[in-house]
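The next block holds one structure in the form of structure tokens; read it before the comments.
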Number of protein chains: 2
Amino acid sequence: MTIKTAPSKTPAAPAAGDLLALDNQLCFALYAASGLVTRAYRPLLEPLGLTYPQYLAMLALWEQAPRTVKALGQALDLDSGTLTPLLKRLEAAGYVTRTRDADDERRVQVALTPAGAALKAKAAEIPAALACRLDIPAQDIAALRATLQALARRMRSEQT
Amino acid sequence: MTIKTAPSKTPAAPAAGDLLALDNQLCFALYAASGLVTRAYRPLLEPLGLTYPQYLAMLALWEQAPRTVKALGQALDLDSGTLTPLLKRLEAAGYVTRTRDADDERRVQVALTPAGAALKAKAAEIPAALACRLDIPAQDIAALRATLQALARRMRSEQT
DNA sequence: GCCTATTTAATTGTGTACAATTAAATTTGG
DNA sequence: CCAAATTTAATTGTACACAATTAAATAGGC
């Protein structure tokens with residue numbers, strides 16, 4: 001029989017004993033929430049023929065295209081090992097083109113095809129559909145987003 | 001030349017025109033933050049010989065073991081397609097055992113080996129090391145965690 | 001100019017993720 | 001009891017994700 005040493009008055013601050021409990025890990029909360037949100041997108045993206053990471057790449061390209069693989073990687077926090085095959089699939093689907101930059105043959109410019117640009121109109125409904133499923137006030141969503149972006153900014157600037 | 005229709009007074013609420021901008025997506029903020037945090041764990045987990053998802057599985061087992069593959073899957077939000085190979089690697093590393101349940105041969109019980117249980121002591125330093133890198137007040141971390149857990153709870157209960 | 005260092009994508013190998021299927025064991029309805 | 005439905009893991013196939021390496025192109029120092 002064990003004696004509870006301190007019936008914590010602040011449930012948000014984990015007791016020393018269960019620092020490793022899954023429920024006390026911010027990292028796991030992030031991991032699980034990210035996975036759940038990604039899964040929620042799947043049925044909405046399927047009609048467009050896109051996976052979730054492909055959707056993110058298209059978002060980046062709808063904002064600005066053409067872009068180099070490197071620029072896309074910086075926007076999405078992904079490296080060429082992930083992007084190269086992903087972009088080849090988008091190319092096979094007819095949404096983007098990949099062409100060596102004539103000025104600098106190391107670079108590959110990723111551009112939208114007409115079909116890729118046209119897809120933006122169909123995608124326009126997705127954020128609203130998802131916000132509806134999340135069922136959270138828009139204000140709270142914006143606040144959570146800002147908190148996460150601040151966290152990401154801090155971590156990026158801190159690469160030891 | 002375009003005319004700005006409404007110089008938004010609330011920068012957190014995106015204008016209609018850029019609903020699809022990457023910076024306005026909660027999903028991408030989650031995705032990017034989750035990836036960055038996972039990457040921050042990597043150097044800390046390498047001395048233990050664990051990947052980040054393997055670490056999550058060990059966290060779940062340190063909390064309660066033995067557990068069935070299904071119970072682990074529910075705790076981690078992962079299915080057998082992901083867990084089976086991951087657990088086989090943990091078994092090969094000598095941290096867990098996988099044995100068919102005699103009472104119900106459909107189940108596989110995952111238990112900790114002495115080495116697996118002993119690993120918990122080494123892992124105990126990790127949360128503090130990471131909290132230090134995040135450089136956020138413990139209170140804010142707890143608040144963000146609670147927000148994400150509430151979001152996850154809502155999404156889980158809403159599977160259409 | 002020339003040699004070296006850097007930059008940029010692609011490739012290779014390992015490890016998640018997940019949908020769909022399979023196969024075996026258990027539960028349930030009649 | 002017994003056939004059908006359900007449960008549980010494993011398997012298969014596709015798609016990320018990243019470290020490490022490779023290869024080609026460019027930039028910089030001398």
Side-chain angles (χ1 to χ4, degrees), chain A residues 27-28 31-43 45-46 49-58 66-74 76-93 96-110 159, chain B residues 27-28 31-43 45-46 49-58 66-74 76-93 96-110 159:
Chain A
C27 69
F28 177 62
Y31 173 87
S34 177
L36 281 164
V37 170
T38 299
R39 257 166 271 169
Y41 269 95
R42 209 179 301 275
L45 293 175
E46 210 209 327
L50 293 176
T51 65
Y52 178 70
Q54 288 168 7
Y55 170 68
L56 292 180
M58 293 302 289
R67 297 168 89 150
T68 64
V69 172
K70 180 174 179 59
L72 261 180
Q74 285 170 340
L76 300 173
D77 253 312
L78 294 173
D79 69 0
S80 72
T82 301
L83 280 177
T84 296
L86 185 154
L87 292 171
K88 284 183 178 175
R89 282 187 274 271
L90 285 179
E91 188 180 34
V96 308
T97 58
R98 296 161 58 247
T99 48
R100 286 276 163 194
D101 188 328
D103 289 348
D104 184 342
E105 297 236 334
R106 289 171 303 184
R107 296 185 218 275
V108 167
Q109 295 287 350
V110 182
Q159 330 264 32
Chain B
C27 68
F28 177 62
Y31 173 86
S34 177
L36 282 163
V37 170
T38 298
R39 258 166 270 168
Y41 270 95
R42 207 179 304 276
L45 293 176
E46 211 210 326
L50 294 176
T51 65
Y52 178 69
Q54 288 167 7
Y55 171 68
L56 293 181
M58 293 302 288
R67 298 168 86 149
T68 64
V69 173
K70 180 173 179 60
L72 262 180
Q74 285 170 340
L76 299 173
D77 253 314
L78 295 173
D79 68 1
S80 72
T82 301
L83 280 177
T84 296
L86 185 155
L87 292 172
K88 283 183 178 175
R89 283 183 205 105
L90 286 179
E91 188 179 34
V96 308
T97 57
R98 296 160 59 248
T99 46
R100 285 277 162 193
D101 187 327
D103 289 347
D104 184 342
E105 297 237 334
R106 290 171 303 183
R107 297 186 217 275
V108 166
Q109 296 287 349
V110 183
Q159 328 264 35

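Fair warning: this is a prediction, and the values are worked out from it, not measured in the lab.
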Starting from C1' on C/dT7, measure out to CG on A/Asp104 and report it in whole angstrom. 8 Å
A/Arg39 near the nucleic acid: base, sugar-phosphate alone, or nothing, with a heavy-atom cut-off under 4.0 Å? sugar-phosphate
Is B/Arg39 salt-bridged to A/Asp77, cutoff N-O under 4.0 Å? yes
At under 4.0 Å, does any side-chain N or O of A/Tyr31 touch on OP1 or OP2 of C/dA17? yes
Supply the atom-to-atom distance B/Leu78 CG to B/Leu56 CG, rounded to the nearest 0.5 angstrom. 8.0 Å
Measure from the side-chain N and O atoms of B/Glu91 to the backbone N and O of B/Lys88, and report whether any donor-acceptor pair falls under 3.5 Å. no
Is there a side-chain polar atom (N or O) of B/Arg89 under 4.0 Å from OP1 or OP2 of C/dT16? yes
Side chain of A/Arg42 (C-beta onward), nearest among C/dC18, D/dA9, C/dT8: C/dC18
For atom CG of B/Leu72 and atom C1' of D/dA10, their distance in whole Å: 16 Å
Can you tell me if the side-chain N/O atoms of A/Thr84 get under 4.0 Å from OP1 or OP2 in C/dA10? yes
Would you classify B/Leu83 as touching base, sugar-phosphate or nothing, given that sugar-phosphate means primed atoms plus P, OP1 and OP2, and contacts are heavy atoms under 4.0 Å? nothing
Side-chain donor/acceptor of B/Arg106 to base of D/dT7, under 3.5 Å: yes
Side chain of B/Asp79 only, please: which of D/dA10, D/dT8, C/dA19 is the nearest? C/dA19
Once you round it to whole Å, what is the distance between C1' of C/dT11 and CG of A/Leu87? 15 Å
Does any N or O in the side chain of A/Arg67 come within less than 3.5 Å of the main-chain N or O of A/Val110, such that one atom is a donor and the other an acceptor? no
Which class fits the ring pair A/Tyr31 and B/Tyr52: parallel under 30°, tilted 30 to 60°, perpendicular over 60°? perpendicular
Any side-chain N or O of B/Gln54 less than 4.0 Å from the OP1 or OP2 oxygen of C/dG15? no
Just checking B/Thr38: base, sugar-phosphate only, or nothing, at a heavy-atom cut-off of under 4.0 Å? nothing
Could you state the CZ-P distance from A/Arg107 to D/dA24, rounded to the nearest angstrom? 19 Å
Rounded to whole angstrom units, what separation is found between the CG atom of A/Leu56 and the P atom of D/dC16? 10 Å
Looking at every strand, decide which applies to B/Asp101 at a 4.0 Å heavy-atom threshold: base, sugar-phosphate, or nothing. nothing
Heavy atoms only, 4.0 Å cut-off, all strands: where does B/Thr51 land among base, sugar-phosphate and nothing? sugar-phosphate
Are A/Val69 and A/Arg107 side-chain neighbours, meaning at least one heavy-atom pair lies under 4.5 Å? no
A/Tyr41 OH to C/dC18 C1', in whole Å, measures 19 Å
Closest-nucleotide mapping onto DNA chain D: is A/Pro53 or B/Thr68 further toward the 5' terminus? I mean the 5' end. B/Thr68
Does a side-chain N or O from A/Lys70 land closer than 4.0 Å to OP1 or OP2 of C/dA10, or not? no
Ignoring the backbone of B/Glu105, work out which of C/dT26, C/dA10, D/dA9 is nearest its side chain. C/dT26
Interatomic distance, B/Leu86 CG vs C/dT14 P [rounded to whole Å]: 16 Å
Atom CD of A/Gln109 and atom C1' of C/dA9: how far apart are they, to the nearest Å? 13 Å
Looking at the side chain of B/Leu78, which of C/dA9, C/dC18, C/dT26 is the nearest nucleotide? C/dC18
Under-4.0 Å side-chain N/O to phosphate OP1/OP2 contact, B/Arg100 with C/dA25: no
Establish, with yes or no, whether the OP1 or OP2 oxygen of C/dA17 is under 4.0 angstrom from a side-chain nitrogen or oxygen of B/Thr82. no
